[in-house]
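Encoded as structure tokens, the structure appears first; notes follow it.
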Amino acid sequence: MQELGRLEDLPEDYRAALTEQNLVPLWPSLRSVLPPGKPALRTKPTFWSYQGLRPLLLRAGELTPIEKAERRVLVLANPGHGLEKMQASSTIYLGMQLLQPGEWAPSHRHTPNAVRMIVEGEGAYTTVEGEKCPMRRGDLILTPTGMWHEHGHDGDQPVVWLDVLDLPIVYYCEASYVTEGKAQTVISEGTEQAYQRGGVVPAPMFVRSRQTFPMLRYPWVDVRRTLEALAASQPEIEAVQVAYVNPENGHDCQRILGFSALMLRPGEKLEMPARSTAMVFHQIEGAASVSAEGHRFDLAEADTCCIPGYTPITLSNRSAAQPAFIFIADDAPLQKKLGVYEVRNY
Ligand code: GTQ
């Protein structure tokens, strides 16, 4: 590829005249914004140990009262972006949130979309637009863009969950902001049960519900049972994986980030081709390894890692006896909408 002229090749007075008029020559930077063959990736393969971060999160519970935090979160930051940017990848934000018994994280709504993957503890709940969503280990709870949400805790042990937000991309769009609200009144609970069987949806003859986000809670018991049924009924399938979708239309459950759950059968090794999306892996149950670009991360329960896009990934179940269950987040919905999504089979 042709080497292009450098900034230093230009006379000082010419550069000063450009700057004076807020002008920049393209050619010294052309190769960095359009590198050959593959993007320049800031996202680095990064691992966050739950046993490592848990004591620090509990200590945050002692150091900072909930009133002084609103959301008591340790952010899982990717050093490739700079820790202060609070990004796991270019589009994904990850945080581990702690709520102690009796605490309340007040109602607000914001433009970024969020989901919660519950890691430990019993008795907490998120209320989303009046729907009370109990939090149990492995459950996925959506708080889509613009929807009121608050977190409460009636149990007697700490509750921890993983927040996954599209905050970095919404912030980059200069579209990220929050509105504070009053405590919500609970008006419903368990409405996800209407969708517990794929293939049938609520359909009263006289009114058809057309909510944008009809399902806010995906109970782990149901997702796990579905994965086991898939593995048992389709033993030849390459990946025992289910996507979290809108049950009314089959589309991704949110518009920017995509979510799925994957079961690695005992001893299974799964080779995944390079895709243009960075990916986040979070161990729900069992023990797996994630290998990419010469890195190997051994995930135990509640551990999380991130792998940049354009990178082939190998997932392995580290147990020959037990299945391993992994929660996956990526930005495929966004990339598909933008027309830049790719799978590379090399
Ligand atoms: O629970 O609403 O990790 O607003 C970051 C921003 C959690 C939340 C985060 C938030 C929340």
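Remember, it's 1-based here, ligands and their atoms both numbered in the order they're listed.
For ligand 1 and Val73, the ligand atoms under 4.0 Å from any heavy atom of the residue are 3 (O). Distances below 4.0 Å separate heavy atoms of Arg116 from the following atoms of ligand 1: 1 (O), 2 (O), 7 (C), 8 (C), 11 (C).
Side chain to side chain, Glu285 and Trp220 meet the donor-acceptor criterion of an N or O pair below 3.5 Å. Looking only at atom types and distance, the side chain of Ser107 has no donor-acceptor partner in the side chain of His149 under 3.5 Å away.
The side chain to side chain donor-acceptor pair (under 3.5 Å) check on Tyr341 picks up Arg275, with sequence neighbours excluded.
Closest to atom 7 (C) of ligand 1, if we only count protein heavy atoms, is Asp163 OD2, 3.3 Å. Nearest protein heavy-atom contact of atom 6 (C) of ligand 1 is Leu165 CD2, 4.0 Å. For atom 5 (C) of ligand 1, the closest heavy atom belonging to the protein is Tyr93 OH, 3.5 Å. Atom 1 (O) of ligand 1 has His151 NE2, 2.8 Å as its closest protein atom, hydrogens excluded (heavy atom only). For atom 8 (C) of ligand 1, the closest non-hydrogen atom of the protein is Arg71 NE, 2.9 Å.
Considering only non-hydrogen atoms, atom 10 (C) of ligand 1 lies nearest to His110 out of Arg109, Glu70, His110, Met96.
Residue-environment remark: NZ (Lys337) exceeds the threshold of 12 foreign heavy atoms within 6.0 Å. For Arg31, the CZ atom is densely surrounded, since the number of other residues' heavy atoms within 6.0 Å is greater than 12.
Screening residues 131-157 for salt bridge (Lys or Arg N to Asp or Glu O under 4.0 Å), with sequence neighbours left out, gives Arg137-Glu301, Asp139-Arg217.
Closest non-hydrogen pair, Pro101 versus Gly155, comes out as CB-O, 3.1 Å.
Between His108 and ligand 1 there is a heavy-atom distance shorter than 4.0 Å.
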